[in-house]
Peer 1: 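Provided herewith is a single structure, encoded as structure tokens, for subsequent inquiry.
Throughout, a chain's letter reflects where its sequence line sits, starting with A, and its residues are numbered from 1.
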Amino acid sequence: MTTSEKIIDKIKYLPTLPTVFSRLSDAMSNPRISNDEIASIISSDQAAAIKVLKVVNSAFYGFSGRIDTISRALLYLGLNEVRNLIFAMSVINLFKKSHSLMNFRPAEFWSHSIGVGIASRLVGSVMQIQNLENYFLAGILHDIGKLILFEHAGEDYVKVLRIVEEKKCLIIDAEKEVLGFDHSKIGEILAIKWKLPPTIKNAVRYHHSGIADGSTEKLVAAIHIGDIIARTLELGYPGDDLVPEPNEIVVEKLKLTGSLFKDTFDSILKNFEETNKLLLSD
Amino acid sequence: MSNLIEIEKSEPGMTLAAPILNRYGQVLLPSGVKLIPGHLKMFRTWGIKLITVKGVELEETVISEEMKKKAEEIFSARISWEAKSDFEKSLFEMGVKKILLNLLKKSK
């Protein structure tokens, strides 16, 4: 078995997502389900429900203390947005207890992913996307393959991290050198296993180029730019401290200008600080 | 940068970085208002416990040319591309700004 095959084999046995999320997904497939029934499923996991309310009332959504029940959160944000938020929190919890390896620490990894989620959502809103529900979740998941490799590629991943340190290169280049493939491929396999929507799967697979299968999907493009913004502003640590060049085609396609940052620098940092604290606390 | 502080720690002269809202979402005081001595009493009456005020603004801090150059060098070492487009130039500026914030925090 090659390293790639061994890891793919291990993915089959990865823990499934917590019960509240599975129950929620099942309930949502019933078109007749009411908001109250959904709210009671979410509220059955008190810790998750409290966290949802905290995030909803933080600067991230800007409701500043006005939403005090899950029913209201569903009403204001919509079912998909709340479900994705719970998904994001579930995935973070699932891998929170991973150990540190050299200078790669799971908490810093998640901080980076939270940063990418926040920055990508901002890019999406600048692009005037009406429905931003997948942007934060795609940011949270974009590098999930790294965590799988980190946990299951053992000694090989130590080699990857050593190369990053010695050559001061991007972690993706070191992964390709040692393993012959990179984390985006592993992330894609997990996205398929978890039956994520194709746009999120593509964002996980193609966020380095920002282009999926020759076309510029908006979500993929936004995650590409969000990753670069998070790296520029040092939001968390993705495994190396370099800032890759933004894909020219993506910048043109999204019509991104310098003004994107003029008024958002402070709010990205503030949102990041607050959301990071909320999602990474117990 | 802005900071969330308890009203007891607020001082006259501080600037609100976010509006103060009541429980119905109505604006009691808009963002940008400079606090005066009477505001603290008002916050207590309204039952407001926390407010967001503006922190140290990079623009208002004197930054030496030497420090700026150092920040540019640090950020340049993290990229292998030259900022050409308007977007890239702005990205570069933001990277330098973030490093300056780090340097200022360290020097305090």
Peer 1: Quick one: does Arg78(B)'s side chain have a donor or acceptor within less than 3.5 Å of a partner on Val243(A)'s backbone?
Peer 2: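 No, because the side chain of Arg78(B) does not come within donor-acceptor range (under 3.5 Å) of the backbone of Val243(A).
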
Peer 1: Using only non-hydrogen atoms and a strict under-4.5 angstrom cutoff, which residues of residues 228-239 of chain A touch chain B?
Peer 2: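 Within residues 228-239 of chain A, the residues that come under 4.5 Å of chain B (heavy atoms only) are Ile228(A), Ile229(A), Arg231(A), Thr232(A), Leu233(A), Glu234(A).
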
Peer 1: Given side chains that start at C-beta, do those of Glu88(B) and Pro246(A) come closer than 4.5 Å, heavy atoms only?
Peer 2: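 Heavy-atom side-chain distance check passes, below 4.5 Å.
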
Peer 1: Which atoms of Ala77(B) come close to chain A, meaning under 4.5 Å heavy atom to heavy atom: side chain ones, backbone ones, both, or neither?
Peer 2: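 Backbone of Ala77(B) only, per the 4.5 Å heavy-atom cut-off to chain A.
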
Peer 1: Which residue out of Ile99(B), Asn102(B), Leu91(B) racks up the most heavy-atom pairs below 4.5 Å with chain A?
Peer 2: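 Of the options given, most contacts go to Leu91(B).
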
Peer 1: Quick test of your reading: applying side-chain hydrogen bond (donor to acceptor under 3.5 Å, both in side chains), list the pairs with at least one residue in residues 113-128 of chain A, sequence neighbours left out, ordered by first then second residue.
Peer 2: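 Passing the test, one end in residues 113-128 of chain A: Glu81(A)-Arg121(A).
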
Peer 1: Using non-hydrogen atoms and a limit below 4.5 Å, what part of residues 66-74 of chain B faces chain A?
Peer 2: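 So far as heavy atoms go, nothing in residues 66-74 of chain B approaches chain A to under 4.5 Å.
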
Peer 1: What is the minimum heavy-atom distance between Met94(B) and Phe265(A), and which atoms define it?
Peer 2: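 That would be SD-CD1, 3.3 Å.
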
Peer 1: Would you indicate whether Lys84(B), at its atom NZ, is surrounded by more than 12 heavy atoms from other residues, nucleotides or ligands within a distance under 6.0 Å?
Peer 2: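 Yes, the 6.0 Å shell around NZ holds more than 12 heavy atoms from other groups.
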
Peer 1: Suppose we screen for ring-ring contact (aromatic ring centres under 6.0 Å, His included). Which residues come up paired with Tyr206(A), at least two apart in sequence or across chains?
Peer 2: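 ring-ring contact (aromatic ring centres under 6.0 Å, His included) check on Tyr206(A) returns nothing, list empty.
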
Peer 1: State, to 0.1 Å, how close Thr257(A) and Phe87(B) come at their nearest heavy-atom pair, and which atoms those are.
Peer 2: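 Smallest interatomic distance, heavy atoms only, reads O-CD1, 3.7 Å.
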
Peer 1: Counting only heavy atoms closer than 4.5 Å, note whether Phe75(B) contacts chain A via side chain, backbone, both or neither.
Peer 2: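 Looking at Phe75(B), just its side chain touches chain A.
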
Peer 1: Give a yes or no on whether Ile249(A) atom CD1 has more than 12 heavy-atom contacts from other residues, nucleotides or ligands under 6.0 Å away.
Peer 2: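 Open.
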
Peer 1: Looking at Leu21(B), Asp86(B), Ile79(B), which makes the most heavy-atom pairs under 4.5 Å with chain A?
Peer 2: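 Option with the top pair count is Asp86(B).
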
Peer 1: So which atom in Ser90(B) and which in Gly258(A) form the shortest heavy-atom distance, rounded to 0.1 Å?
Peer 2: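 Nearest heavy atoms, Ser90(B) then Gly258(A): OG-O, 2.9 Å.
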
